[in-house]
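Heads up, the thing below is written out as structure tokens.
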Number of protein chains: 2
Amino acid sequence: MARNVRHQASSSTAQRAQTRLRDMILAGELAAGTDHLESELAERLEMSRTPVREACVLLQGRGLLEVRPRKGVRILPVSPADMEEIYDVLTELETLAARKAAEAGLPERALAPLTRALDDMETALAADDRAAWADADQRFHHELVRLGGNRRAMDIVEMMSDQVARARQTTLYMRPAPDRSNADHRAVLDAIRAGDAGRAAARHRAHRQYAKAMLIELLKTHRLSNL
Amino acid sequence: MARNVRHQASSSTAQRAQTRLRDMILAGELAAGTDHLESELAERLEMSRTPVREACVLLQGRGLLEVRPRKGVRILPVSPADMEEIYDVLTELETLAARKAAEAGLPERALAPLTRALDDMETALAADDRAAWADADQRFHHELVRLGGNRRAMDIVEMMSDQVARARQTTLYMRPAPDRSNADHRAVLDAIRAGDAGRAAARHRAHRQYAKAMLIELLKTHRLSNL
DNA sequence: GCATTAAATAACGCATACGTAAAATAATGC
DNA sequence: GCATTATTTTACGTATGCGTTATTTAATGC
């Protein structure tokens, strides 16, 4: 879980492969359920197989793909059942973070990025700019977990978020206006500010559980069985 | 997170490297804080650098080591602060599992491995056989998470357990007799059997929090700052 | 046409070679 | 002796080649 920069000057080829592949997977450019030979990916990325294989090993460890010899690297789809799992893990670890952040009695200064994200969410909601809202939402969650101070939890949450990214992007315009998300986040922030760990945790848990139920319902309603 | 067997007949060299290195790390044969060149590890494992590198990438992703170019692969020590993080993550995800298992209304048959592990823990306690107790304890936790039915949570718990394995082994004979652990586990099992999700979760959380506090106290008391 | 066997092709894991950059060592100057 | 510079050595990331094995294709027999 340590972050490692292999070259001081610029990232290594394997690192670039990892980033490119991750991006392509999250964007759906490497579509869920598709198979790709190492050689194909190597051509596409304009490098040899060696760094591609290394990137694939790593991304497999993060649950984005499955290395299947002779059948190709399979981009893992995310089913509603997968969403359940992912959201359960996210809920637990983010709720832990909310509790820890509230317990920590952080100065207002430390809450600034969280506050800014929430403000941006509200601006985006008022402008009905879903893309901007999603970006701010992501930032809010990221900051929340960072404030929780558990680096491992942070990395796991990041991993889970990656797994769920495509589904969230796909359903972004299908879901109702995120008034409730904004309100929930505001309540969580207020509780953290007030040092009320119990309330921060409870409000955040409720938020995540609502989001989970809504997202899974959307997937089922629209027959999106494997994103 | 998918498990992949690369060769049907027997495991690949890279897979063997991964297993060997993991075992050596957990056993302290590759001691915490030490650096090892890829070439050294390759010699030791009697293979070329290629599978060793692959194994190291993977083990880095699981938090057991850090790949540092030109300084060697560093075996990551676990400090009391690391223990805090790890136990917090474990606590949240195992508590989720306990709740889910209780909610699932599982037949007695499904609880058999959990029950067996607990019985073995009690046998070991009566015989003052700490090694046997630790083994049964590990099994209990593993089964509990498996019963929770969240594959991702299970993999994360496994990853965290690996990170904490050396410290647990080192402190196994320092800690008080694990009467309380056995009692806690019995209470968790009973709550699951009764379908009492709230109680299963609460008892398990309390158990993990007690264990965390005790372990960290042991580390500090014995000046074991990086295991 | 279908099943079986044989042959060809291709993907893979791995070992090795190589260019590059980092680290270590040696040489030089004050 | 210490700082600086030059040279040598070494570790690394990567590309490539190769033996093995899995898959595909072709040939054969009924």
Side-chain angles (χ1 to χ4, degrees), chain A residues 1-25 30-31 33-62 64-76, chain B residues 1-25 30-31 33-62 64-76:
Chain A
M1 299 186 164
R3 297 290 176 204
N4 184 56
V5 181
R6 291 193 175 216
H7 287 198
Q8 299 296 338
S10 63
S11 57
S12 66
T13 305
Q15 181 88 284
R16 291 203 317 275
Q18 180 200 332
T19 302
R20 287 282 306 280
L21 288 177
R22 176 191 171 271
D23 291 348
M24 287 158 85
I25 291 168
L30 291 177
T34 57
D35 294 310
H36 306 273
L37 295 183
E38 286 178 357
S39 47
E40 178 207 326
L41 295 178
E43 267 183 51
R44 259 167 107 159
L45 299 183
E46 294 175 316
M47 61 182 72
S48 79
R49 278 198 294 128
T50 309
V52 168
R53 291 191 66 233
E54 189 172 310
C56 287
V57 164
L58 196 143
L59 292 177
Q60 176 169 245
R62 298 190 72 82
L64 292 182
L65 56 84
E66 183 186 6
V67 178
R68 301 188 310 167
R70 299 187 166 272
K71 293 192 178 188
V73 170
R74 181 160 176 261
I75 310 304
L76 288 174
Chain B
M1 300 188 156
R3 296 293 178 207
N4 184 57
V5 180
R6 292 196 174 214
H7 287 198
Q8 297 297 337
S10 64
S11 57
S12 66
T13 306
Q15 182 87 284
R16 290 204 318 277
Q18 179 202 331
T19 302
R20 286 282 308 279
L21 288 176
R22 174 188 171 271
D23 290 348
M24 288 157 85
I25 291 169
L30 290 177
T34 57
D35 295 311
H36 306 273
L37 295 183
E38 287 177 358
S39 47
E40 179 206 327
L41 295 177
E43 267 184 50
R44 260 168 107 159
L45 299 183
E46 295 177 310
M47 62 183 68
S48 80
R49 279 198 296 126
T50 309
V52 168
R53 293 192 66 231
E54 189 173 308
C56 287
V57 165
L58 196 141
L59 292 176
Q60 173 166 247
R62 297 190 73 81
L64 292 181
L65 56 83
E66 183 185 6
V67 177
R68 301 189 308 169
R70 301 193 161 269
K71 293 194 177 184
V73 170
R74 181 160 176 262
I75 310 304
L76 288 174

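Every chain is numbered from 1 and lettered A, B, ... according to where its sequence line falls, protein lines coming before strand lines. Note: hydrogens, waters and symmetry copies are ignored here, and every other heavy atom, side chains too, is used.
Each of A:Met47 and A:Lys71 has a nearest nucleotide on DNA chain D; the 5'-most of these lies closest to A:Met47.
The separation between B:His36 atom NE2 and D:dC12 atom C1' is 18 Å, rounded to whole Å. Distance, B:Leu41 CG to D:dA11 C1': 13 Å, rounded to whole Å. Between B:Glu46 atom CD and C:dA15 atom C1' the separation is 15 Å, expressed in whole Å. Per the geometry, CD belonging to B:Glu54 stands 11 Å off P belonging to C:dA15, to the nearest Å. Straight-line distance from the CZ atom of B:Arg49 to the C1' atom of C:dG13: 16 Å, rounded to whole Å. Atom pair B:Asp35:CG and D:dA11:C1' shows a separation of 13 Å (rounding to whole Å applied). Protein atom CD of A:Glu66 is 13 Å distant from nucleotide atom P of C:dC12, rounded to whole Å. One can place CZ of B:Arg70 at 13 Å from P of C:dT20, the figure rounded to the nearest angstrom.
Rounded to the nearest 0.5 angstrom, A:Leu37 CG and A:Arg68 CZ are separated by 11.0 Å. Remark: B:Ile75 CD1 to B:Leu21 CG distance equals 7.5 Å, nearest 0.5 Å. Remark: B:Leu58 CG to B:Arg53 CZ distance equals 13.5 Å, nearest 0.5 Å.
No more than 12 heavy atoms of other residues, nucleotides or ligands lie within 6.0 Å of CD in A:Glu43, so this atom counts as exposed by the packing criterion.
Side-chain N or O atoms of B:Gln60 include one that pairs as donor or acceptor with a backbone N or O of B:Val67 at under 3.5 Å.
Remark: B:Ser48 is not in phosphate contact with C:dT16, judged by side-chain N or O atoms under 4.0 Å from OP1 or OP2. When the side-chain nitrogen and oxygen atoms of B:Arg53 are compared with OP1 and OP2 of D:dG13, one or more of them lie within a distance under 4.0 Å.
Counting distance only, with no hydrogens placed and no angle test, the side-chain atoms of B:Thr50 and the base atoms of C:dA15 include a donor-acceptor pair under 3.5 Å.
Checking D:dT23, C:dA15, D:dT14 against the side-chain heavy atoms of B:Pro51 singles out C:dA15 as nearest. When distances are taken from the side chain of A:Pro69 to each of D:dC12, D:dT23, C:dG13, the shortest belongs to C:dG13.
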